[in-house]
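Since we're looking at a predicted model, the values are computed, not measured. Every chain is numbered from 1, with letters handed out A, B, ... down the list of sequences.
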Amino acid sequence: MSKASLSRRLLAWYDRHGRKTLPWKRKRDAYRIWVSEIMLQQTQVTTVIPYFERFIARFPNVQSLAQAKLDEVLHLWTGLGYYARARNLHQAAQRIVREHAGKFPRGFEAVTDLPGVGRSTAGAILALAFDQRHPILDGNVKRVLARYHAIDTPVNKRATEESLWQLAEKHTPRSRIADYTQAIMDLGATVCARAKPQCTGCPLRTDCRGHRSGTPQDFPVRAAKQKTPVKATHMLMIRDARGRVLLARRPPAGLWGGLWGFPECADGNVRQWCRKTLGLNICTESPWPMLRHSFSHFHLDITPIPARLVGGTDRAMENAETVWYNVRRPDRRGLSAPVKRLLEQLMSIEETN
DNA sequence: AACTCGGGGAT
DNA sequence: ATCCCAGAGTT
């Protein structure tokens, strides 16, 4: 047994080696901490930073976010993934303005009641913003605790996760909660990294059972998952006489919910599908090379098919759900990563014309 | 308790 | 190519 508690050693390490210059730590503002915590769900810090900077520059406070159009919020989320986070963030901002007079709530129940905020994110926000004592259990904490206690049951199982919550609660100190919360995440992100943990520099190594086992990298244990299936789709890049391309808004929920994308069809007669479904006559050109887009649960093989509109533009195709998009002048819409990439390729073709 | 939901960095 | 990341919501 070590003399000092885990939290005490962790805080001493944090005072020397913690990350204190992250953009959302420039000042202790619940709004900024909330936005950062949502962006950081299942997303690495280095990926989030430029998105966070742009988002805060455009929406510096909860009022500006609440008043924004969803299309613009999704636009600033384009490429970040998990777009339900953006929809929930927008809706939660409106509820904070309406139900909490524009002030971020300080009660745990009120915070978890906000869409997109669960047990761990609520704990992190309240700990980091208001120094309230709540445990968190994100990927970093799971890894640190699973190694420290050499937990050999899968962490992605219910029972293990519940015991990890108990350990997280037990280790959370009575004071300096904000620093401790940042400290255990920083340790997990740097010293106690997923690969090649640097145990030499770890303040917990004296009584870490994972380190004692000799193979700390074997923790945490995860249940094997089945291999990801492959799906296929065709994205129709229909261009009119002016070089504009047809985009349609996807359904508000589900995959890429609320984002704008190309009409998609399965394999078959593309021209016939287009006439029956969209009421448009087109002539297709030779397909572009297939591109694979990988999700956590399946791969999507995308075949981009450029096509020309035959005949005039149908007035019915200009409405709230469809638009003839000018690739030379991108506007503020949410786009999935592959659609954004294809639009940029279309634009570079326009440039050479 | 198991699925669904993105994209990218690291390996 | 796989793994996993400051997880939450739905079924």
Checklist entry - In a check of side chain to side chain donor-acceptor pair (under 3.5 Å) between R176(A) and each of D15(A), D131(A), T181(A), which one passes? => result D15(A)
In plain terms, say whether [X] and [Y] are close enough for a salt bridge, that is, a side-chain N and a carboxylate O under 4.0 Å apart.
X	Y	result
R333(A)	D331(A)	yes
R328(A)	E344(A)	no
R95(A)	D113(A)	yes

Please give, in whole Å, the distance from [N] [atom2] to [X] [atom1]?
X	N	atom1	atom2	value
M39(A)	dG8(B)	CE	C1'	15 Å
F298(A)	dG6(B)	CZ	C1'	10 Å
K225(A)	dA1(C)	NZ	P	14 Å
L74(A)	dG7(B)	CG	P	12 Å
I302(A)	dG7(B)	CD1	C1'	12 Å
K231(A)	dG6(B)	NZ	P	12 Å
R292(A)	dG8(B)	CZ	C1'	17 Å
W77(A)	dG6(B)	CH2	C1'	12 Å

Gap in Å between the two [atom1] atoms, one belonging to [N] and one to [M], rounded:
N	M	atom1	answer
dA6(C)	dC3(B)	P	25 Å
dA8(C)	dG8(B)	P	23 Å
dC5(C)	dC5(B)	C1'	14 Å

Checklist entry - With nearest nucleotides of DNA chain B determined for S336(A) and K157(A) from heavy-atom distances, which residue corresponds to the more 5′ nucleotide? => result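 Mapping each residue to its closest nucleotide by heavy atoms, the 5'-most match is K157(A).
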Checklist entry - If you find the nucleotide of DNA chain B closest to T46(A) and the one closest to N156(A), which residue's nucleotide is nearer the 5' end? => result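 Result: N156(A).
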Within the pair [X] and [N], is there a side-chain N or O less than 4.0 Å away from OP1 or OP2?
X	N	result
H297(A)	dC3(C)	no
K196(A)	dT11(B)	no
W256(A)	dG7(B)	yes
Y51(A)	dG7(B)	no

Item to check | S336(A): side chain to side chain contact (heavy atoms under 4.5 Å, CB included) partners, not counting sequence neighbours | outcome: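 Partners of S336(A) under the side chain to side chain contact (heavy atoms under 4.5 Å, CB included) test: W256(A), L259(A), P338(A), V339(A).
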Give every donor-acceptor pair under 3.5 Å between a side-chain atom in residues 273-289 of chain A and any protein atom, sequence neighbours left out.
from    : atom 1 : to      : atom 2 : distance (Å)
T277(A) : OG1    : W273(A) : O      : 2.9
E285(A) : OE2    : R308(A) : NE     : 3.2

Checklist entry - Can you give one letter per nucleotide of nucleotides 5-11 of chain C, going 5' to 3': B for a protein heavy atom under 4.0 Å from the base, S for sugar-phosphate only, - for none? => result BBBSS--
Next on the checklist: Any donor-acceptor pair under 3.5 Å linking the side-chain atoms of H299(A) with those of S294(A)?
Outcome noted: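 Result is yes, a qualifying pair exists.
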